[in-house]
Amino acid sequence: MSNEFTFENEQYRKTYWHTCSHIMAQAIKRLHPEVKLAIGPAIDEGWYYDIDAPFNFTPEMLTEIEGEMRKICKEKLKLERFELPREEALALMADEPYKIELINDLPEDAVISFYKQGEFTDLCAGPHLDSTGRVKGNAIKLTACNSAYWRGDSNRQVLQRIYGVAYPKKAELDEYLQRIEEAKKRDHRKLGKELGLYMLTDEGPGFPFFLPKGMVLRNTLIDYWREVHKRYGYVEISTPMILNRSLWERSGHWDHYKENMYTTVIDGEDYAIKPMNCPGGMLVYKSEPHSYRDLPLRVGELGLVHRHELSGALHGLFRVRCFTQDDAHIFMTWDQMKDEIKNVVRLFDEVYSVFGLTYQIEVSTMPEDHMGDEKDWDFATETLKQAVTEMGKDFVVNEGDGAFYGPKLDFHLADCLGRTWQCGTIQLDMQLPERFELEYTGADGEKHRPVMIHRVVLGSIERFIGIITEHFAGAFPTWLSPVQVKVLPVTDRASDYADQVAARLDKSGYRVEVDHRSEKLGYKIRQARNERVPYMLIVGDKDVENRTVSPRHRTDGDLGAMSYEAFEAILKEVVDTKAMK
């Protein structure tokens, strides 16, 4: 059966949601004709419409709008597309200032199209469903109302952005809403505060603070990153955070990315805090001569970068103004390209599987605004596709979405709630080696230009920590958990023995705490479970007498009394294998 007109088809899904945005706008205009409409696109999960209203929309008003939307669906209004010359289009939208601005910004030769449904007409390029009756009114939900600047400009009007989502079946909507509720419980901002991992303050918006337990988590993750990269043949470097203007002009950032960069003046010269690690990596390569025997050269860097983000775009650890990018730059010959791509994909496979994350691969091809010879682009793009195919992996093509300097592979991770996150990237670059005049001496004794891969596996250490915090709901695997074992003495007489057990675990390299508080055991267990500690060691008078421990797992419960050595063997196995449980 064809999925052309089902939600499995992304185009149909977006068309469905786009139609819903028009139905919502029509409902709002029926109930509140004085409001002015801005834009209302479909997004990854539903749609939104930006509204200029002389009042604030309340939850009760959103419920009322939902009811009016259901009526419009039952009316089965036909959606009709038509076009108008510019002057007639402006006249039709005379009472809608935001639509007037959009029309005036269109090129002179642009087609100006509208969609009409009943009494409602909206400026729109489409596409849409053929009737409002195609939308199931009982499977519509308006989910939020937030503030948004007109056209994303903080100097423009503040609008109200109403979000909605709809599905062909009520059961599908209910499943989605349940998933959203679960996501709220897993919100990394909430869990980060509860578990004492990280914080954000008004004194540094977009600049996260990592707390002691968060640093344990972060450093454990980085230790794993270093261990994996050493095995895969990478060397590690560190480049300065501040470099002068001439470097950023040479890399192209000063001309094309300056609005996102923090700049300063030192000794009368312009400098910038790095938004990317790449130019510094080019200088490291260029600092000494290279032979073909040195290649491929895999150079990793955990570099702290800064990028100016609008305050309205900041979101916990997911969108920040400074983050540690786990970059690597691989310098190679053209005939080494395919093997290097495969090597990176194998590394990605290993890392993502440790966290129980699956992925889909997207190949982004040459954009219209590109640099370099098309033959080189074709070779590079085909090599990316061949490498992935030969590894038995599928991919989708994202036409024209490559960077101006080369095609790329993007890895979209799926977490336990089915949400996707773009983390890993393998980006081929034929231009930076040219801009920085990078060379190697070939087997023929002549100078040649290397080709380069930029790649990140985690993307941003901060963002990845946010992702796995939500993926695991704060209950990190034992090897990653800030506290791996909490020892709970049942009586005062067991306190000394509890300290001895904790000291042995600490000496063996495990992260352990002792809860000496004069609280009931049940309270201590609940507290440790709320802190997502993987193992609790109950130590009572019998354990002191028999020199045993009574471990309790956060999900499996009581494991029974055993010797200290037996418990440490269990712990060692779980940590060494990086077991998910």
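Remember, it's a predicted structure, so these values are computed and weren't measured experimentally.
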Flag the pair Asp153 and Arg151 as a salt bridge only when some basic side-chain nitrogen lies within less than 4.0 angstrom of an acidic carboxylate oxygen.
no
Check whether more than 12 heavy atoms from other residues, nucleotides or ligands sit under 6.0 Å from atom CD of Glu350, and answer yes or no.
yes
How far apart are the closest heavy atoms of Ile467 and Cys423, and which atoms are they?
CD1-SG, 3.6 Å
Ring pair (Phe, Tyr, Trp, His ring centres under 6.0 Å) between Tyr163 and Trp47: does it pass, once the steps are laid out?
CA-CA 6 Å; Tyr163 290 90; Trp47 72 88; 9.7 Å; no
So do His454 and Thr425 actually touch side chain to side chain, heavy atoms under 4.5 Å?
no
Evaluate whether atom CG of Asp394 has more than 12 neighbouring non-hydrogen atoms of other residues, nucleotides or ligands under 6.0 angstrom away.
no
Between Glu368 (side chain only) and Gly400 (backbone N and O only), is there a donor and an acceptor less than 3.5 Å apart?
no
Are there over 12 heavy-atom neighbours, none belonging to Lys578, within less than 6.0 Å of that residue's NZ?
yes
Tyr198 vs Phe210 aromatic rings, parallel, tilted or perpendicular, using cut-offs 30° and 60°?
perpendicular
Minimum heavy-atom separation for Tyr167 to Tyr16, with atom names?
O-OH, 3.5 Å
Does Glu182 pair with Arg186 as a salt bridge, N-O distance under 4.0 Å?
yes
Grab the two heavy atoms, one from Lys14 and one from Ala42, that are nearest each other, plus how far apart they are.
O-CB, 3.4 Å
Counting only heavy atoms from other residues, nucleotides and ligands, does the tally under 6.0 Å from NZ of Lys342 exceed 12?
yes
Taking Lys184 first and then Glu181, would you say they form a salt bridge - that is, a charged N and a carboxylate O separated by under 4.0 Å?
yes
From Phe348 atom CZ to Leu413 atom CG, the distance as rounded to the nearest 0.5 Å:
9.5 Å
Report the C-alpha distance between Val533 and Gln484 in whole Å, list the side-chain angles of each, state the deciding distance to 0.1 Å, and finish with yes or no for side-chain contact (heavy atoms from CB on, under 4.5 Å).
CA-CA 6 Å; Val533 177; Gln484 295 167 320; over 6 Å; no
For Glu194, enumerate each residue passing the side chain to side chain donor-acceptor pair (under 3.5 Å) test, keeping only those at least two apart in sequence or located in another chain.
Lys190
Gap between atom CH2 of Trp248 and atom NZ of Lys258 - 0.5 Å precision
13.5 Å
Should we say atom OH of Tyr149 is surrounded by more than 12 heavy atoms from elsewhere, each under 6.0 Å from it?
no
Nearest 0.5 Å please: distance from the CG atom of Asn219 over to the CD1 atom of Ile222.
5.5 Å
Arg231, CZ atom: more than 12 neighbouring heavy atoms under 6.0 Å
yes
Heavy-atom side-chain proximity of Asp327 to Val299 below 4.5 angstrom
no
Backbone N/O of Tyr12 and side chain of Asn9: donor-acceptor pair under 3.5 Å:
yes
With a 3.5 Å distance limit and no angle check, can you tell me whether His471 reaches the backbone of Phe355 through a side-chain donor-acceptor pair?
yes
Can Glu301 and Lys274 be counted as an ion pair, charged N to O under 4.0 angstrom?
yes
Could you measure the distance from the CZ atom of Arg532 to the CG atom of Asn530? Nearest 0.5 Å is fine.
7.0 Å
Any donor-acceptor N/O pair, Glu399 side chain to Thr365 backbone, under 3.5 Å
no
Run the salt-bridge test on Asp410 and Lys408 with the 4.0 Å N-O cut-off and return the result as yes or no.
yes
Step-by-step side-chain contact (heavy atoms from CB on, under 4.5 Å) determination, Phe379 to Leu384
CA-CA 9 Å; Phe379 176 83; Leu384 284 173; over 6 Å; no
Tell me whether Glu175 at atom CD has more than 12 heavy atoms from other residues, nucleotides or ligands lying less than 6.0 Å away.
no
Does either side chain, that of Arg245 or that of Thr263, offer a donor lying less than 3.5 Å from an acceptor on the other one?
no
Could you measure the distance from the OG1 atom of Thr469 to the CG atom of Leu317? Nearest 0.5 Å is fine.
7.0 Å
Set out, in order, the CA-CA distance, both residues' side-chain angles and the distance that settles ring pair (Phe, Tyr, Trp, His ring centres under 6.0 Å) for Phe318 and His315, then state yes or no.
CA-CA 6 Å; Phe318 292 162; His315 180 74; 5.6 Å; yes
Would you call the rings of Phe207 and His306 parallel, tilted or perpendicular, taking 30° and 60° as the class edges?
tilted
Look at the aromatic rings of Tyr352 and Tyr359 and report parallel, tilted or perpendicular, splitting at 30° and 60°.
perpendicular
Of all the heavy-atom pairs spanning Tyr234 and Gly300, show the shortest one and how long it is.
CD2-N, 4.3 Å
Without swapping roles, check the side chain of Glu362 against the backbone of Phe395 for a donor-acceptor pair under 3.5 Å.
no
One thing to verify: whether Arg449 and Glu437 come together as a salt bridge, which I'm taking to mean a side-chain N less than 4.0 angstrom from a carboxylate O.
no
Contact summary for Leu197 and Pro482, nearest pair of heavy atoms
CD2-CG, 4.0 Å
With rounding to the nearest 0.5 Å, note down the distance linking OH in Tyr176 to CD in Gln178.
13.0 Å
With Glu340, which of Arg455, Arg298, Arg346 fulfils salt bridge (Lys or Arg N to Asp or Glu O under 4.0 Å)?
Arg298
Verify the distance criterion only: is there a donor paired with an acceptor across the side chains of Asn260 and His308 at less than 3.5 Å?
no
Is Arg504 paired with Glu568 through a side-chain N to carboxylate O contact shorter than 4.0 Å?
no
Under the criterion salt bridge (Lys or Arg N to Asp or Glu O under 4.0 Å), I'd like the reasoning laid out for Glu470 against Arg419: C-alpha separation, chi angles, the key distance, then a yes or no.
CA-CA 10 Å; Glu470 297 197 0; Arg419 299 173 299 178; 2.8 Å; yes
Sidechain-backbone polar pair: His290 side chain, Tyr285 backbone, donor-acceptor under 3.5 Å
yes
Does a side-chain heavy-atom distance below 4.5 Å link Ile453 with Gln427?
no
Treating Arg321 as the side-chain partner and Arg307 as the backbone partner, does any N or O pair qualify as donor plus acceptor under 3.5 Å?
no
Say whether, by atom type as modelled, one donor and one acceptor occur between the side chain of Glu236 and the main chain of Arg226 under 3.5 angstrom.
no
Evaluate whether atom CG of Asp223 has more than 12 neighbouring non-hydrogen atoms of other residues, nucleotides or ligands under 6.0 angstrom away.
yes
Write down the atom of Val320, the atom of Glu309, and the distance for their closest heavy-atom approach.
O-CG, 3.5 Å
Looking at Thr6, is its backbone amide N or carbonyl O close enough to the side chain of Arg13 to form a donor-acceptor pair, meaning the two atoms are under 3.5 Å apart?
no
Side chains of Tyr271 and Val265: does their closest heavy-atom pair fall under 4.5 Å?
no
Would Asp349 and Lys393 pass as an ion pair if we require N to O under 4.0 Å?
yes
Any non-hydrogen side-chain atom of Ile361 less than 4.5 Å from a side-chain atom of Phe411?
yes
Mark yes or no for whether Tyr510, through its side chain, and Leu571, through its backbone, hold a donor-acceptor pair below 3.5 Å.
no
Apply the test ring pair (Phe, Tyr, Trp, His ring centres under 6.0 Å) to residues Tyr224 and Trp479: give CA-CA distance (whole Å), side-chain angles for both, the deciding distance (0.1 Å), then the verdict.
CA-CA 10 Å; Tyr224 171 62; Trp479 71 273; 5.4 Å; yes
Please determine if Glu531 and Lys486 form a salt bridge, counting it only when a charged side-chain N lies under 4.0 Å from a carboxylate O.
yes
